[in-house]
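All remarks here apply to the structure that follows.
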Amino acid sequence: MEIAIIAHDGKKADMVQFLNKNKAILQKENIKIIATGTTGSKAELAGFKVKKMLSGPQGGDAQIAARVAEGKTKMVLFFKDPNSSHPHEPDISMLIRICDVHNIPLATNEATAQLLLLGFDG
């Protein structure tokens, strides 16, 4: 199963902490992680094998949305920073819409991400 991880700059440390907390689930053989560029680099530094897309502002959100639309990505964990504005907000909105259109679970915070992982691990 392919899981996408994305985190705004203010949430990247939270994402890495979340990944480490869920290492037993995320490092199973049947789990493939893709990520936007910088988030993927942070995950790699934490010891995770990640296929990196472009950074979010360079089109990484759109690349992940395309993989959702193609049926490749089955879950998106996107730690958004609600206290900052982002110049690529249209891409973020498009990704959320594509997840809704294709009925793909999308978590925008750690609590929801944890529930999604536990549900898929069960």
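Residues: numbered from 1 along the sequence shown. All values below come from the heavy atoms of this structure, side chains included, with hydrogens, waters and symmetry mates left out.
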If I take atom [atom1] from residue [X] and atom [atom2] from residue [Y], how far apart are they, to the nearest 0.5 angstrom?
X      : Y      : atom1 : atom2 : value
Asp9   : Asp81  : CG    : CG    : 8.5 Å
Gln58  : Thr38  : CD    : OG1   : 9.5 Å
Ile34  : Met53  : CD1   : CE    : 4.5 Å
Leu118 : Ile25  : CG    : CD1   : 5.0 Å
Leu77  : Gln114 : CG    : CD    : 10.0 Å
Thr108 : Ile6   : OG1   : CD1   : 11.5 Å

Give me the atom names and distance for the closest heavy-atom approach of [X] to [Y].
X     : Y     : result
Cys99 : Val76 : SG-CG2, 3.7 Å
Val68 : Ile98 : CG1-CG2, 3.7 Å
Ala43 : Leu19 : CB-CD1, 3.7 Å
Ala4  : Ile64 : CB-CG2, 3.6 Å

Restricting to side chain to side chain donor-acceptor pair (under 3.5 Å), what partner residues turn up for [X], sequence neighbours left out?
X     : result
Lys12 : Thr39
Glu44 : Lys52
Gln27 : none

Could you check whether any side-chain heavy atom of [X] comes within less than 4.5 Å of a side-chain heavy atom of [Y], counting everything from C-beta outward?
X     : Y      : value
Pro82 : Lys11  : yes
His8  : Ile92  : yes
Ile3  : Leu116 : no

Grouping I, L, V, M, F, W and Y whenever their side-chain heavy atoms are under 4.5 Å apart, do [X] and [Y] come out in a common cluster?
X     : Y     : answer
Met1  : Val50 : yes
Met94 : Ile96 : yes
Val16 : Ile31 : no

Results of salt bridge (Lys or Arg N to Asp or Glu O under 4.0 Å) for Lys32 - residues two or more places apart only: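 For Lys32 the salt bridge (Lys or Arg N to Asp or Glu O under 4.0 Å) partners, ignoring immediate neighbours, are Glu2.
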My understanding is that only residues two or more places apart in sequence, or in another chain, count here; which of them pass salt bridge (Lys or Arg N to Asp or Glu O under 4.0 Å) with Lys74?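 Here no residue qualifies.
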Atom NZ of Lys23 with >12 non-hydrogen neighbours under 6.0 angstrom: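 Atom NZ in Lys23 is packed in, count exceeds 12.
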Please list all pairs passing the ring pair (Phe, Tyr, Trp, His ring centres under 6.0 Å) test where one or both residues lie in residues 13-58, with sequence neighbours left out.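 Qualifying pairs, neighbours excluded: Phe18-Phe79.
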